[in-house]
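Each residue takes its place number in the sequence, starting with 1. Heavy atoms only: backbone and side chains are in, while hydrogens, waters and symmetry mates are out.
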Amino acid sequence: TNEEIVSFCDANFGVTFPHYAKIEVNGEKAHPLYRFLKQQKGFMGFDQENPLTPMLERMLERTHPDYQSTSDIKWNFTKFLISKDGDMVERFEPTQGMKIVKEKIQEVIRSYE
């Protein structure tokens with residue numbers, strides 16, 4: 001439940017920010033926002049340098065053998081960068097290093113200066 005998620009995050013990670021309700025991001029019941037985001041930028045693969053990648057690939061190969069050919073969100077913490085004009089800039093899989101995410105955000109901000 002949403003309450004269990006909040007409790008888990010607060011207890012294990014000391015999260016103090018507001019939580020949104022859990023929603024579907026894949027499948028027929030996917031939230032329209034995520035349907036749109038996935039249409040704009042599909043799955044481009046995991047960062048092969050990330051130690052999490054082999055585990056994710058093994059898990060997905062067992063549960064979704066065609067995972068590489070779908071735009072579905074594969075795992076928590078997939079991020080989408082949207083410009084202030086509402087344009088899709090980039091999709092970052094959970095294996096992408098935050099340094100690269102930060103650099104891309106800074107690049108977008110500089111483009112508006």
Side-chain angles (χ1 to χ4, degrees):
T1 67
N2 290 325
E3 292 78 19
E4 291 169 326
I5 293 169
V6 170
S7 178
F8 176 84
C9 290
D10 290 348
N12 292 294
F13 304 108
V15 173
T16 58
F17 54 80
H19 298 256
Y20 291 99
K22 182 177 176 179
I23 61 170
E24 297 291 327
V25 297
N26 292 322
E28 290 181 19
K29 295 181 181 180
H31 189 282
L33 172 62
Y34 283 91
R35 277 190 291 219
F36 172 78
L37 293 171
K38 294 183 301 180
Q39 287 172 348
Q40 299 302 303
K41 287 279 187 184
F43 178 65
M44 299 299 292
F46 294 122
D47 176 2
Q48 294 301 307
E49 301 296 318
N50 189 302
L52 184 61
T53 293
M55 183 276 301
L56 288 173
E57 288 177 338
R58 282 192 306 274
M59 179 195 67
L60 289 166
E61 285 168 359
R62 283 194 306 271
T63 58
H64 303 288
D66 64 340
Y67 79 92
Q68 291 183 348
S69 64
T70 72
S71 65
D72 284 354
I73 294 173
K74 312 303 183 213
W75 197 253
N76 291 344
F77 306 111
T78 297
K79 296 161 278 304
F80 295 91
L81 177 58
I82 311 299
S83 74
K84 73 176 187 176
D85 300 320
D87 297 322
M88 170 66 71
V89 176
E90 194 68 59
R91 173 180 171 155
F92 302 100
E93 299 304 330
T95 56
Q96 186 64 61
M98 288 308 296
K99 179 181 178 188
I100 293 172
V101 175
K102 180 180 177 181
E103 289 170 357
K104 192 65 173 185
I105 292 169
Q106 290 172 332
E107 179 184 317
V108 169
I109 290 169
R110 282 192 301 273
S111 75
Y112 288 104
E113 293 176 343

TODO: Answer with yes or no whether the hydrophobic clustering places I73 together with W75; edges join I, L, V, M, F, W, Y residues whose side-chain heavy atoms lie under 4.5 Å apart.
DONE: no
TODO: Indicate, with yes or no, if M88 and F36 share a hydrophobic cluster defined by side-chain heavy-atom contacts under 4.5 Å among Ile, Leu, Val, Met, Phe, Trp and Tyr.
DONE: yes
Open item on the list: Enumerate the side chain to side chain donor-acceptor pair (under 3.5 Å) contacts for residues 22-39, please, sequence neighbours excluded, ordered by first and then second residue.
Closed with: N26-K38
Open item on the list: If you compare all heavy atoms of P51 against all heavy atoms of P54, which two are closest, and at what distance to 0.1 Å?
Closed with: O-CD, 3.4 Å
Task: Minimum heavy-atom distance between G42 and S71, given as atom pair plus value - done: CA-CB, 3.9 Å
Side-chain touch [X]/[Y], heavy atoms, less than 4.5 angstrom:
X	Y	result
F80	E90	no
L56	N50	no
L81	V108	yes

Would you list the atom pairs, donor with acceptor, under 3.5 Å between side chains in residues 61-69 and any protein atom, with sequence neighbours excluded?
from	atom 1	to	atom 2	distance (Å)
T63	OG1	M59	O	3.0
S69	OG	D66	O	2.9

Expected list for residues 3-18: side-chain donor-acceptor pairs under 3.5 angstrom, two or more places apart:
from	atom 1	to	atom 2	distance (Å)
E4	OE1	T1	N	2.7
E4	OE1	T1	OG1	3.4
N12	ND2	F8	O	2.9

Open item on the list: Taking atom CD as the centre, does Q48 end up with more than 12 heavy-atom neighbours from other residues, nucleotides or ligands that are less than 6.0 angstrom away?
Closed with: yes
Task: Counterpart residues, side chain to side chain contact (heavy atoms under 4.5 Å, CB included), relative to Y20 (two or more places apart) - done: none
TODO: List for me each residue that meets side chain to side chain contact (heavy atoms under 4.5 Å, CB included) alongside D85, sequence neighbours excluded, and say none if there are none.
DONE: S83, D87, Y112
TODO: Just do the side chain to side chain contact (heavy atoms under 4.5 Å, CB included) check on N2 and H19 with the steps written out, would you?
DONE: CA-CA 9 Å; N2 290 325; H19 298 256; over 6 Å; no
- [ ] Measure the spacing between CD of E107 and NZ of K102 and express it to the nearest 0.5 Å.
- [x] 14.5 Å
Open item on the list: As an exercise, state the distance from NZ of K84 to CD1 of I109, rounded to the nearest 0.5 Å.
Closed with: 10.5 Å
Please tabulate, for the side chains in residues 92-100, all donor-acceptor contacts under 3.5 angstrom to protein atoms that are two or more places apart in sequence or on a different chain.
from	atom 1	to	atom 2	distance (Å)
E93	OE2	R91	NE	2.6
E93	OE2	R91	NH2	3.3
T95	OG1	D47	N	2.9

Open item on the list: Both conditions, 6.0 Å and 45 degrees, for the charged tip of K74 above the ring of F43: are they met here?
Closed with: yes
